[in-house]
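Okay, structure first, notes after.
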Amino acid sequence: MSHLFPTYARWEIEPESASGSTIIDKNGNKYLDFTSGIGVCNLGHRPIHVEKAVHKQLNQYWHVSNLFQSDSQETAAKMLAQAAGLHRVFFANSGAEANEAAIKLARKATGRTKIITFINSFHGRTFATMSATGQDKIKHGFGPMLETFVYVPFHDIESVKAEMGNDVAAVMLEIVQGEGGIHVGSKEFLQGVQELCKQHGALFIIDEIQTGIGRTGKPFAFQHYDLDPDLVTSAKGLGNGFPIGAVIGKEKLTPYFGPGSHGSTFGGNPVSIAAAVATMETIFNTEFLDEVVDKSQFLFLLLRTHLKHLHIIQDIRGIGLMAGIECQIPVTTLLSELRKMGLIVLPAGEKVIRLLPPLTISKEDLEKSVIIIKHLLEKLYLSPNNKKMAIN
Ligand SMILES: *Cc1c(COP(=O)(O)O)cnc(C)c1O
């Protein structure tokens, strides 16, 4: 009998070791990992530069608390702030905690409580971030949510306008709705939201927990759209597997997060900070990010070339190395079949196959994975009629 609360529908695989884009399980089976630990291990498993930084810190000290001076936290904060074009950082341990901090800061700085978020968004599992999340299934059974969140359709600027007013503390959104199905925001919509925020003195919060740290080919996804957010949240890829979250904000917000206003015992833990600095040193680099863009173009070309004849596929979309393959059917069984074929991928919503390969993936492995998906879908869904057409 398991002593774990069954909060996760776990897969059948138990990893024994992992390196780069490969996981090897207890039975010696080898898998291509296109999940990166849910967008966490952006440099693959156990990248040497991060491993060395962590070892070095392990030999110095592990934890002393945030009551001490910390040069390495300053370094990590400076790297994040400069990469985002912002000024101040608070370190937490997870994405939800980073969003929690952003929500608290936005309420305190504006003296308002209403926050606009979007249908199908995902912001975390704490009470405030669950309240912010625009998906009913996540809130089921937990009673009244935190006041005062309102949810409007993504891409619908008129609905944002209708809810906007001088009582709004913030609008909070993902540039690409990750858990919600890989829905990429348009420039017009995102800039429109920002403009409404500016007009009404509301803060513009961008949740970059899944999209940040190079995932889309820029340090942060909002940088594709010429935006000027007040707060940006980061986590997942920031520590390449070590738990860390961050809220990054404008200088004007400094007075509202003074001594005693917010805190975390573990936030900015030295080992996680060492991992984050080494991760950012590698990723916040033009050459590295150019390669991500190049691999992204290669991946989307492969997906469109190899899968376009399959009627089961509704849409292929995404940005950088964050790709969604929307199918006409729920994908749970497909994912389990893909694992049997040596490829581990994620769902996003019910009908989308989500690919989040490490940013360090080789083109060869990108091609291998798309061919595996093609073979499975052809085996299952290509009717004899279509098969003839594909051969012609
Ligand atoms: C994963 C995720 C979160 C929550 O992060 P945790 O570390 O699981 O708390 C919040 N927002 C987005 C966009 C995410 O993808």
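Only this structure's heavy atoms are used, side chains among them; waters, hydrogens and symmetry mates stay out. Whatever order the structure lists them in is the order used to number ligands and atoms, beginning at 1.
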Indicate whether atom 8 (O) of ligand 1 is within a distance of less than 4.0 angstrom of some protein heavy atom. no
Atom pair CE (M145) and CG (D136), whose distance is rounded to the nearest 0.5 Å: 9.5 Å
Polar proximity ligand 1 side, K236 side, N/O cut 3.5 Å exclusive: yes
Under 3.5 Å, side chain of S121 to main-chain N/O of T117, donor-acceptor pair present? no
Under a 4.0 angstrom heavy-atom cut-off, which atoms of ligand 1 come close to A96? 4 (C), 5 (O), 6 (P), 9 (O)
Heavy-atom distances under 4.0 Å decide this one: backbone, side chain, both or neither, for H123 against ligand 1? backbone
Please name all residues satisfying side-chain hydrogen bond (donor to acceptor under 3.5 Å, both in side chains) with H49, sequence neighbours left out, ordered by chain then number. E281
So, is G95 polar-close to ligand 1, with some N/O to N/O distance under 3.5 Å? yes
Could an N or O of ligand 1 be found under 3.5 Å from any N or O of F122, whether backbone or side chain? yes
So, H200 and N166: side-chain donor and acceptor under 3.5 Å apart, yes or no? no
In the protein, which heavy atom is nearest to atom 11 (N) of ligand 1, and how far is it? D207 OD2, 2.8 Å
Quick note on ligand 1: atoms under 4.0 Å from a heavy atom of Q210 include exactly 15 (O)
Should you measure from each heavy atom of S94, which atoms of ligand 1 turn up under 4.0 Å away? 7 (O), 9 (O)
Taking heavy atoms and a distance under 4.0 Å, where does A235 meet ligand 1: side chain, backbone, both or neither? neither
Heteroatom distance test (E97, ligand 1): nitrogen or oxygen, under 3.5 angstrom: no
Decide whether Q135 and E179 meet the rule of one side-chain donor and one side-chain acceptor closer than 3.5 Å. no
For F154 together with H183, are the ring centres under 6.0 Å from each other? no
Against heavy atoms of E174, which atoms of ligand 1 measure under 4.0 Å? 13 (C)
Between F257 and H262, how do the two ring planes meet: parallel, tilted or perpendicular, split at 30° and 60°? parallel
In this structure, OG of S36 is separated from CG of L359 (nearest 0.5 Å) by 7.0 Å
Test of understanding: given a 4.0 Å heavy-atom threshold, classify the contact between N99 and ligand 1 as side chain, backbone, both, or neither. side chain
Any pair counted as side chain to side chain donor-acceptor pair (under 3.5 Å), so long as it reaches residues 76-93, sequence neighbours left out: R88-E251, R88-T254, N93-E97, N93-S264
